[in-house]
Amino acid sequence: MKKFAVIFAVLFILPGAVRAENLSGDTIKKNPDGTTEITMSVMDAVKMAGAMVDNGNLDTAEEILTAIPKMAGPLEIERWFLLGRIAGFRGNFNEAIEIYRTILDAHPDLARVRFELAICYMKTEQWYRADYQLRLAMAGDDLTDNVRQMMNYYRYVIRQNKNWNVYFNFGAAPDNNVNNATGGEECVMTIFGPMCRNLIEPESAVGFNFSLGGDYEFKLSDQWRWKSDAGVYSNIYNLQTYDDVFLYTSTGPRFIWSRGDVWLAATGARRWYGWDGYNWSVGTRLNANYDFTRKLMGGISLQYTNNKYDNYGKYLDGNTYSMGASLFYSITPNIYTILRGGITREDARSDTYSYWQPNVSVGVGAELPYGFGIFVQPMFYWQNYDAEQWSVQDGNFTQIVERDFTQRYSLSVSNNKLSIMGFAPTLIFSYTRRDSNMWQREYDKWAIEFTLQQRF
């Protein structure tokens with residue numbers, strides 16, 4: 001093992017030096033100037049610095065760690081980890097955050113580093129980031145029991161202190177079928193022969209998406225608070241006919257306890273399509289979350305809205321009822337999976353536009369070396385309408401009850417090492433295919449979206 005010499009004043013180092021003398025045959029030499037020279041292996045020097053950090057002797061530990069030459073492998077990781085702890089103990093949380101982030105960019109499977117990063121996020125009141133890091137860190141099987149207990153407690157602390165959050169994303173997304181069209185020709189047989197018409201062809205467009213929102217919780221007590229949120233989402237295309245802007249808000253009481261929370265809120269939303277008014281909706285929703293184990297978390301959502309449309313209200317006005325559930329499972333400190341399922345009931349004024357829509361999706365995310373992060377998610381949903389409608393099938397007009405099946409596959413790739421002002425560049429590739437018993441409703445499309453998303 002490579003030897004490393006450290007020289008300190010006897011007054012500060014001697015107690016630690018005496019302990020170090022018995023490690024791996026390391027030696028102590030007293031110099032004429034009153035200082036003590038310790039020759040030890042790099043491993044022993046790092047171990048000694050770690051003990052000093054635990055005992056609060058931060059200055060001496062930092063001198064040792066900064067004097068050690070750059071290494072490779074676990075010892076270099078441990079050296080930087082200890083420097084991050086020193087920064088955190090001194091209250092230099094932003095410095096500690098950058099150190100822990102750098103370590104995780106290269107070694108995303110280190111649960112203890114995620115735990116320390118989560119603590120620094122808590123100290124700087126970045127509660128949502130702290131929650132994300134704790135969720136992953138809790139999958140570390142090599143953590144001690146007391147650390148796991150602290151994590152459970154810290155999850156409760158985060159619930160108590162999540163008083164505000166702001167998010168902001170923007171990007172660009174080319175779309176080869178922005179109008180979800182089938183194209184082709186539709187023909188009907190008559191006594192004079194076939195009569196045909198051309199269906200709308202798919203249109204390609206480039207959209208620029210923008211989302212801005214946030215939420216705030218006014219604390220009424222340790223367990224009760226009043227939570228409100230609001231936001232705007234928009235897709236602006238070079239073909240303005242397909243511009244889409246959605247505005248929403250909600251407010252209501254929220255109750256938290258050690259393993260979960262419940263939020264009951266009144267909701268409102270307004271949507272514009274092609275810069276023309278599309279619809280209004282008001283309603284209520286109930287969200288609940290619960291930690292089943294340190295690795296498994298679940299949530300349910302119930303929502304009701306009453307919808308009023310600017311045009312075609314005599315057909316589309318009505319109510320929407322939805323129920324959804326999700327499970328988040330931390331597989332390892334850098335790999336997780338999310339399972340979602342639910343059902344929506346659209347109860348329109350016209351039975352032709354009323355339907356049931358069950359859905360299910362499963363996503364797998366991973367924090368990878370070199371700062372990369374990926375998330376893969378296939379999603380499936382079905383639309384089963386209530387009433388028949390006239391359609392051209394096999395060259396004849398006929399009444400048919402529409403049945404659709406849609407599948408969407410998406411891959412998100414981000415890189416934290418390229419983050420700008422706390423936002424990580426992200427590419428999202430998606431492919432959508434809809435099959436239907438009414439061939440005019442079938443389509444497929446792909447899209448590539450570039451966006452900047454908040455780094456966690």
Side-chain angles (χ1 to χ4, degrees), residues 177-182 186 188 197 199-200 202 233 235 241-250 264-274 276-287 300-326 340-361 378-394 396-408 432-445:
N177 190 359
V178 67
N179 54 335
N180 296 341
T182 301
E186 180 183 71
V188 177
R197 67 171 183 141
L199 299 176
I200 297 175
Y233 176 81
N235 257 328
T241 305
Y242 305 107
D243 290 351
D244 195 358
V245 180
F246 181 76
L247 200 68
Y248 70 88
T249 185
S250 56
L264 177 64
T267 66
R270 174 61 167 156
R271 186 180 180 185
W272 295 264
Y273 195 75
D276 293 326
Y278 184 70
N279 71 348
W280 292 86
S281 67
V282 294
T284 185
R285 77 164 179 251
L286 176 71
N287 291 342
I300 61 170
S301 177
L302 304 174
Q303 184 164 344
Y304 160 79
T305 60
N306 177 258
N307 312 306
K308 300 294 183 182
Y309 288 80
D310 294 77
N311 299 305
Y312 309 108
K314 63 179 180 179
Y315 305 109
L316 300 178
D317 284 355
N319 303 302
T320 302
Y321 309 86
S322 63
M323 177 180 65
S326 64
R340 294 187 177 96
I343 189 168
T344 298
R345 169 62 181 173
E346 188 72 26
D347 192 8
R349 183 172 295 181
S350 171
D351 289 342
T352 302
Y353 299 100
S354 300
Y355 59 83
W356 291 91
Q357 180 178 288
N359 65 86
V360 64
S361 68
M379 180 177 68
F380 310 96
Y381 61 91
W382 298 257
Q383 280 183 288
N384 300 317
Y385 287 82
D386 288 5
E388 296 177 332
Q389 58 181 294
W390 287 102
S391 177
V392 175
Q393 300 292 317
D394 300 322
N396 296 299
F397 278 112
T398 184
Q399 285 190 312
I400 187 171
V401 178
E402 184 176 351
R403 298 286 185 264
D404 301 331
F405 170 62
T406 303
Q407 46 192 317
R408 182 179 186 271
T432 305
R433 169 68 189 178
R434 182 165 75 179
D435 297 295
S436 175
N437 61 343
M438 297 176 60
W439 66 271
Q440 299 93 333
R441 299 285 193 268
E442 295 184 336
Y443 69 85
D444 61 357
K445 64 187 294 184

Minimum heavy-atom separation for [X] to [Y], with atom names?
X: Q407; Y: F380; answer: CB-CD2, 3.6 Å
X: S322; Y: T344; answer: CB-OG1, 3.7 Å
X: S354; Y: R345; answer: CB-NH2, 4.0 Å
X: A348; Y: L316; answer: CB-O, 3.9 Å
X: D404; Y: Y385; answer: OD2-CE1, 3.9 Å

*Start with the C-alpha gap between M379 and N359, add the side-chain angles, then the distance that decides, and say whether side chain to side chain contact (heavy atoms under 4.5 Å, CB included) holds.*
CA-CA 8 Å; M379 180 177 68; N359 65 86; 5.6 Å; no
Just by distance, do the side chain of [X] and the backbone of [Y] share a donor-acceptor pair under 3.5 Å?
X: S436; Y: E442; answer: no
X: N177; Y: D444; answer: yes
X: E346; Y: Q357; answer: no
X: T305; Y: G283; answer: no

With heavy-atom distances below 4.5 Å as the criterion, would you say the side chains of [X] and [Y] are in contact?
X: V188; Y: F397; answer: yes
X: Y248; Y: T267; answer: no
X: E186; Y: W439; answer: yes

To the closest 0.5 Å, what do you measure between [atom1] ([X]) and [atom2] ([Y])?
X: T398; Y: M438; atom1: OG1; atom2: CE; result: 10.0 Å
X: S301; Y: M323; atom1: OG; atom2: CE; result: 10.5 Å
X: R434; Y: F405; atom1: CZ; atom2: CZ; result: 12.5 Å
X: I400; Y: Q389; atom1: CD1; atom2: CD; result: 8.5 Å
X: N180; Y: I200; atom1: CG; atom2: CD1; result: 11.0 Å
X: W280; Y: L247; atom1: CH2; atom2: CG; result: 8.5 Å

_W382/V360 under side chain to side chain contact (heavy atoms under 4.5 Å, CB included): CA gap, chis, key distance, verdict_ = CA-CA 9 Å; W382 298 257; V360 64; 4.2 Å; yes
_Residue that, paired with N307, satisfies side-chain hydrogen bond (donor to acceptor under 3.5 Å, both in side chains) out of N279, D347, T320, D317_ =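 Output: one option passes, namely T320.
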*Mind checking what makes ring-ring contact (aromatic ring centres under 6.0 Å, His included) contact with Y321, not counting sequence neighbours?*
Y304
*Are a donor atom and an acceptor atom from the side chains of Q383 and E402 found within less than 3.5 Å of each other?*
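Q383 vs E402: no donor-acceptor pair found between side chains.
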_Pair Q399, Q393: side-chain N/O donor-acceptor within cut-off below 3.5 Å_ = no
*Tell me, with the steps shown, if D244 and R271 meet side chain to side chain contact (heavy atoms under 4.5 Å, CB included).*
CA-CA 7 Å; D244 195 358; R271 186 180 180 185; 2.9 Å; yes
*Are any of the side-chain nitrogens in R270 or D310 under 4.0 Å away from the carboxylate oxygens of its partner?*
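The answer is yes: the pair qualifies as a salt bridge.
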*List the steps, then state whether side chain to side chain contact (heavy atoms under 4.5 Å, CB included) holds for D386 with W356.*
CA-CA 8 Å; D386 288 5; W356 291 91; 4.2 Å; yes
*Does atom OH of Y309 have more than 12 heavy-atom neighbours, drawn from other residues, nucleotides or ligands, at distances under 6.0 Å?*
yes
*For atom CG of L199, decide whether the heavy atoms of other residues, nucleotides or ligands shown that lie under 6.0 angstrom number more than 12.*
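Enclosed: over 12 neighbouring heavy atoms sit under 6.0 Å from CG of L199.
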*Where does the angle between the aromatic ring planes of Y273 and Y278 fall among parallel (under 30°), tilted (30 to 60°) and perpendicular (over 60°)?*
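Because their plane-to-plane angle lies in the 30° to 60° range, the rings of Y273 and Y278 count as tilted.
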